[in-house]
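This report refers to the structure that appears directly beneath it.
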Amino acid sequence: MEQMLSNLPQSPHPRIVIVGAGFAGLKLARTLRKKAYHVILLDKNNYHQFQPLFYQVATAGLEPSAISFPLRKVFHDTPNVTFRMGGAKRIDQQQNRLYTEIGYIDYDYLVLAMGADTNYFGMENIMKNSIPMKSVSEALFIRNKIISNYERAITIADESKRKALMNVVIVGGGPTGVELAGAMAELRNKVFPKDYPQLNFKNMKVVLVEAGASLLAGMSAESGEKAKTYLEKLQVEVLLHTAVADYDGLNVTINGETRFQTHTLLWAAGIVPNHIEGIREEQIAKGGRLLVDAYNRLHSSENIFVLGDGCLQQMEDYPRGHPQVAQVAIQQARNLGANLLAKLHQQPEKPFRYKDLGSMATVGRKLAVVDLPFIKFQGLLAWLTWLFVHLMAIVGVKNRIFIFLDWSWNYLSFDPSLRLLIKPTISKPEDREKLTLKKN
């Protein structure tokens, strides 16, 4: 029999359980600080992770701790917010109860802000052999994988085997794929030749594969074309209208033939909402997103809300739902927070209205593209804008200082100093389950 989650503080106020401490969950919890609600924030990690900079961890530009922030520290001196580390398992909508890995929690309001995971579109070999990047842990794994490959390549005499270890193929032409490709090309062009002078990096391919007609499909055509031009200047091989059909860990299959050989295929081609048991079939839209109304309330529910990538909110301006980007999640959380506070004073709730603040992507050193509602620009100014916006969005003054110093050093020296191959050591078999994260 499952036990109630223990050691929770008692409170006379309504209990709000928030599942997920990403952009939406953290924003909502911070909005409700020191208000007349008892907030329980649940996440499988004890830190918030800044997803737009995962690629910089993967390419040795930033250390993992620079883009992560301990959740308990966020809520120091905030007695009405309680954090617990654990994964959510299922909901009992009748009993208003959430079952988790660490016990069950009863709620007055439940907020699902669980984000999304990698979408492999049903391709089992690609799921088994490619590398995703949806967490700090996965980004760190990519860094270790790439560095390990070069350490192996330098000891191998067979040129074809060396090339396969050195080549990097990235699938998905959105911001993540574009930024990864640009960063990998700059490492190949400027940094790795100094680390491994015995390797011929002219033999190393960096390939970006996109099934659609352009890069950065969510941005303007001008930005997509400019990003392609920048990548090609960095000697990235960009393939549009091209879909990867299979990957066995070495051979990349396109249109029925092996086009590339690589031990590193990075998959950034799509996302799928994280799922939780206990959601009824009529509450789920095609593609796995959960149907919500204009107030982010789950269909056929009075006290369950869904935020961010996991919800489908169909409106006149967005009949297919909002884009699955951080700004939508943050704005939905802000609106829900205001509505929950309005409930305390019997004031009317306000429906969500998305305000598009623009989008941006960096392609390399001093190269970026920016689309704002009133202007579009590229190049150095776009790159400086990208740096400033992302620096200001990081949680924690200390993290901002560290990132600014890292970026400044990398800019002046063009030599990121985090090319460390750090392998976790599991001293006892029973430690493996406690200290490693299992994929669903």
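Below, each value reflects all heavy atoms present in this structure, side chains not excepted, and no hydrogens, waters or symmetry copies.
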Could you go through Glu179 and Gln56, starting from their C-alpha distance and side-chain angles, then the distance that decides it, and tell me whether this counts as side chain to side chain donor-acceptor pair (under 3.5 Å)?
CA-CA 9 Å; Glu179 290 169 349; Gln56 292 215 354; over 6 Å; no
Tell me every residue that passes salt bridge (charged side-chain N to carboxylate O under 4.0 Å, His left out) with Glu101, counting only those two or more places apart in sequence or in another chain.
none
Return yes when atom CD of Glu257 has more than 12 non-hydrogen atoms of other residues, nucleotides or ligands closer than 6.0 Å, and no otherwise.
yes
Which heavy atom of Arg143 sits nearest to which heavy atom of Val57, and what is that distance?
CD-O, 3.5 Å
CA sep, side-chain torsions, deciding dist, call: Phe69, Phe50, ring-ring contact (aromatic ring centres under 6.0 Å, His included):
CA-CA 9 Å; Phe69 198 84; Phe50 190 72; over 10 Å; no
Pair Gln378-Trp383, side chain to side chain donor-acceptor pair (under 3.5 Å): steps then yes or no:
CA-CA 8 Å; Gln378 304 87 31; Trp383 183 70; over 6 Å; no
Among residues at least two apart in sequence or on other chains, which ones pass ring pair (Phe, Tyr, Trp, His ring centres under 6.0 Å) with Phe352?
His322
Phe121 CZ: over 12 foreign heavy atoms closer than 6.0 Å:
yes
Would you say Thr362's side chain and Leu367's backbone share a donor-acceptor pair under 3.5 angstrom?
yes
Quick one: does NZ or CZ of Arg297 land under 6.0 Å from the six-membered ring centre of Phe305, within 45 degrees of the ring axis?
no
Can you tell me if CD on Glu282 sees more than 12 non-hydrogen neighbours from other groups inside 6.0 Å?
yes
Worked verdict on Glu159 versus Asn203 for side chain to side chain donor-acceptor pair (under 3.5 Å):
CA-CA 9 Å; Glu159 185 177 7; Asn203 290 333; 3.3 Å; yes
Between NZ on residue Lys228 and CD on residue Glu210, distance to nearest 0.5 Å
12.0 Å
Look up atom CG in Asp43 and atom CE in Met85, then write down how far apart they are to the nearest 0.5 Å.
9.5 Å
Please report the C-alpha distance between Thr264 and Val169 in whole Å, then the side-chain angles of each, then the deciding distance to 0.1 Å, and finally whether the side chain to side chain contact (heavy atoms under 4.5 Å, CB included) criterion is met.
CA-CA 6 Å; Thr264 309; Val169 176; over 6 Å; no
